[in-house]
Amino acid sequence: MSTNESNAHLTTPTRLTGAEIVWATLVGEGVTDVFGYPGGAILPVYDALRKFPIHHVLVRHEQGASHMADGYARASGKVGVAIATSGPGATNLVTGIATAMLDSIPMVCITGNVSSKVLGTDAFQEVDITGITLPITKHNFMINRPEDIAPAIRYAFQIAKSGRPGPVLVDITKDAQQATAIFDFAAAKPAPYKPHPMLHCTSEHLAAAADLIRNAKRPIILAGHGIMRANAMEQVRTLAERMQIPVGTTLLGIGSFPASHPLNMGMMGMHGESWVNNAIQEADLLIACGMRFDDRVIGTPATYAPNAKKIHIEIDPAEINKNIKVDVALVGDLHHVLEQLLPLLPGRDGSAWINAINSSKGTAAVRDIRNLPDSGHLYAAHVMHDLWRITGGNAVVCTDVGQHQMWEAQYYRHDQPRTLITSGGLGTMGFALPAAIGAKIACPEKEVWVIAGDGGFQMTASELATIVQEKIKINIAVINNGYLGMVRQWQEFFYERNYQSTPLVSPDFVKLADAHGIPGIAVRDRGDLEAAVDEARGVEGAFLINFLVEQEDSVYPMIPAGSALHEMIRRPSHNPLIEKPEDE
Amino acid sequence: MLHTFVAYVEDKPGVLTRVASLFRRLNININSLTVGRSERPGLSRMTIVADADESAANRMRASLYKLEVVVEVDDIGKSASVTRELALIKVAATAENRSSVFELAEVFRARIVDLTSESLMIEITGVESKIEGLIQVLNEQENRVLEVCRSGKMTMRRGQHTSRVLRALGAVDGASAQSANLLPEAYGEPEATEPE
């Protein structure tokens, strides 16, 4: 079957096997790339793949497939697709599905299952994957008839990308893949999408919100991930610029508002900048856009922004008043809501409040590592700052989870949406490398960097082989401090420096890359950093840099769990690692 | 406090699991849950009674709506409604001491629906407190309660306020038509939870 023939299925009802229907439906949904791993119960689907114009990326572990589909979705805004076999293939997807669920990423996972005749008999590689993924998917399907495949997959795409996006799993028995049915793409279209019935944005509420904004003296916009999901970057920017309101971003909101914009204060929350968190505590109005007042952002509910009225613009009604009670809730699509709200906001002079925030940065800036004496010793923060400078801030950066993730968020300044890809809600170590592969496949023209710690990198390092097999160009920065750094930091601060199970022996990452045919270099001094990064960017294929950074560095500022935003541990005013405390 | 929801859900395998799993995930205990066919083809009607903070009502209702299998959710709240529960109660009773049970049944307007030489079975319909009252009195008697089977609560709004009428009136859904409350009051207070 040629490409034309397979596309003809989309317009003319044709008898196909269930396996062919899977691919034909994916083609019809606009899918060009999938990430997967074959196995017995999904073999009919793999057998039919050669007939369809879809590129399959063979992963090394199914967790990689779900993270790649996730990275693909985050980088492109499209729906990512992962495929796995039954049993262990399906369960290996689970961490990636939960990661996508917590961060509202549109993703469709297709799994094979044993034949319907033996379902429920504990057959070889049988597992109840729809049961297992029930709480970590928006919805899932168990399909055992070929005629149900196309409607289920089409419905899955609609669910994955509508409302608050998220992952959907379609489990298909082997006999349904083998049997035939009439494939009618048009007839398989789901019923029109019905928005959540509790969406709520009346003119009364818009007027109330506009009133609060017009009369606020110390307002702040809290910019979240939902801005990018709703494609409301322009509207948020208009709101900020017209009403002269400073902006703080969440971790996943980085990129939704340009980092270099004078109104962008930076990241809020547990490792947010002191002036952002202090400003939130002093604010008289918070305008939360597409964010959910996560516990990492608010410190404690009781002490959060005590003087502020709160406007919450959010698509998920279940998030309203969940952690923080708000004064006005505009429950709907952010893009749509702001389009209605902006005409009510003529403009405003916000200079006094902006000046007050800017002047409060003074002492914090002195404590910034960029302003401390540079002994040439390598700190992770240096790596992030220099990477940002050398790449011109234009790279798509995929980070793992831990200290390096926070330093990246602080020191790599993202001006463009969808250029920071990171696991925020679930905090999944091992995410960066596979997510970067997905991002690179989605955006081959973009410069893609993996930034991972030595711990997380080893969780999914087997995907190095996938990079080689796919012949893709990804630059990898391992931030190697010999510890599970963020856990060590907590042990240092809250567990009396009992470094239980955090020192980490790692392989020589340069040799590990070399074994995969990926060149690499180790960097110990800041003076060697730029040459190494230049080399990485210059080579044709993938490149790995093993940054051997200060081992016992900590991320500042830090709000201890359960404390208020203003009760943060500030950056030391000296470098405690090279200067003695009595210098202070 | 106890929250009562009436939910119309698709009549398909696994739907009950999805609803039950949601409450488990939200860490909310279900006190009772009854399901049966509704007046609408292909849809079942559930009455769900759950014990949670007053503020949790919005989150429960909004989360129920996020399930693809849920078509409609009505938060009965404090609105006028009829609630009934059915219980079958088996009591140890012999010819010598069963007459007192007959008397009790009369007082509680219950019926004796089975009788053997060793036991008898009472059928009682009513609000929860009435059923609890009968069980309590039976427990205070020498007749031992052998088995209790309770249906859980079934609830319906009084008058014409059925979901279908509300929809015909152009209301998007039951609860928002019931209360003209402004958000976020209608959304309840946040739960007092401390994050890790």
Side-chain angles (χ1 to χ4, degrees), chain A residues 128 130-131 133-142 155-156 158-159 162-164 166 168 190 194-202 204-205 208-209 270 293-302 304 310-312 314 316-331 561-562, chain B residues 7-8 10 12-27 53-75 163 166-167 171-177 179-196:
Chain A
D128 173 18
T130 46
T133 58
L134 195 141
I136 54 161
T137 50
K138 274 187 85 177
H139 190 59
N140 58 27
F141 298 87
M142 166 89 229
Y155 192 17
Q158 184 189 68
I159 295 168
S162 60
R164 179 177 178 176
V168 182
K194 274 189 289 193
H196 194 295
M198 289 165 73
L199 298 189
H200 197 104
C201 179
T202 62
E204 204 180 348
H205 290 105
M270 184 173 270
F293 294 107
D294 179 75
D295 58 83
R296 284 295 186 266
V297 156
I298 61 173
T300 54
Y304 182 70
K310 285 135 196 146
I311 299 171
H312 197 181
E314 164 63 42
D316 182 355
E319 293 293 346
I320 307 298
N321 286 356
K322 185 180 83 176
N323 294 339
I324 296 291
K325 184 173 177 352
V326 297
D327 298 276
V328 177
L330 303 174
V331 193
Chain B
Y8 283 86
E10 289 177 15
K12 282 184 184 165
V15 170
L16 182 59
T17 314
R18 288 177 194 277
V19 172
S21 170
L22 169 69
F23 282 86
R24 178 182 54 78
R25 188 164 63 78
L26 298 180
N27 194 25
D53 288 357
E54 192 165 359
S55 63
N58 160 64
R59 203 167 163 227
M60 284 190 271
R61 186 160 160 266
S63 300
L64 278 167
Y65 266 126
K66 283 166 75 175
L67 300 176
E68 288 294 323
V69 294
V70 171
V71 175
E72 196 177 311
V73 187
D74 189 5
D75 180 1
S163 51
L166 285 175
R167 257 201 319 283
V172 182
D173 65 303
S176 69
S179 65
N181 279 355
L182 289 184
L183 288 182
E185 288 76 15
Y187 273 71
E189 301 272 334
E191 291 157 56
T193 50
E194 291 297 315
E196 281 289 306

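In what follows, chains are A, B, ... by sequence order, proteins preceding strands, each numbered from 1.
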(message) Suppose we screen for ring-ring contact (aromatic ring centres under 6.0 Å, His included). Which residues come up paired with B/F23, at least two apart in sequence or across chains?
(response) none
(message) Once rounded to the nearest 0.5 Å, what's the spacing between atom CE of A/M142 and atom NZ of B/K12?
(response) 14.5 Å
(request) Can you see which heavy atom on A/P317 is nearest to which on B/N58, and at what distance? (result) O-ND2, 3.7 Å
(message) So B/R25 and A/I136, do their side chains get closer than 4.5 Å, heavy atoms only?
(response) no
(request) Can you measure from CD1 (A/I159) to NZ (B/K66) and round to the nearest 0.5 angstrom? (result) 13.5 Å
(request) Please confirm whether the backbone N or O of B/A62 pairs with a side-chain atom of A/H196, one donor and one acceptor, at under 3.5 Å? (result) yes
(message) With heavy-atom distances below 4.5 Å as the criterion, would you say the side chains of B/E72 and A/P197 are in contact?
(response) no
(message) For the interface with chain A, which of B/R24, B/R18, B/M60 has the highest count of heavy-atom pairs at distances below 4.5 Å?
(response) B/R18
(request) Provide the closest heavy-atom pair for B/R59 versus A/A318 in the form atom of the first, atom of the second, distance. (result) CG-O, 3.7 Å
(request) May I ask you to test the B/V69-A/H139 pair for a side-chain heavy-atom distance under 4.5 Å? (result) yes
(message) Heavy-atom cut-off 4.5 Å, strictly under: side chain, backbone, both or neither for A/D316 against chain B?
(response) side chain
(request) Mind checking salt bridge (Lys or Arg N to Asp or Glu O under 4.0 Å) for A/E319 and listing every partner two or more places apart, or none if nothing turns up? (result) A/R164, A/K322
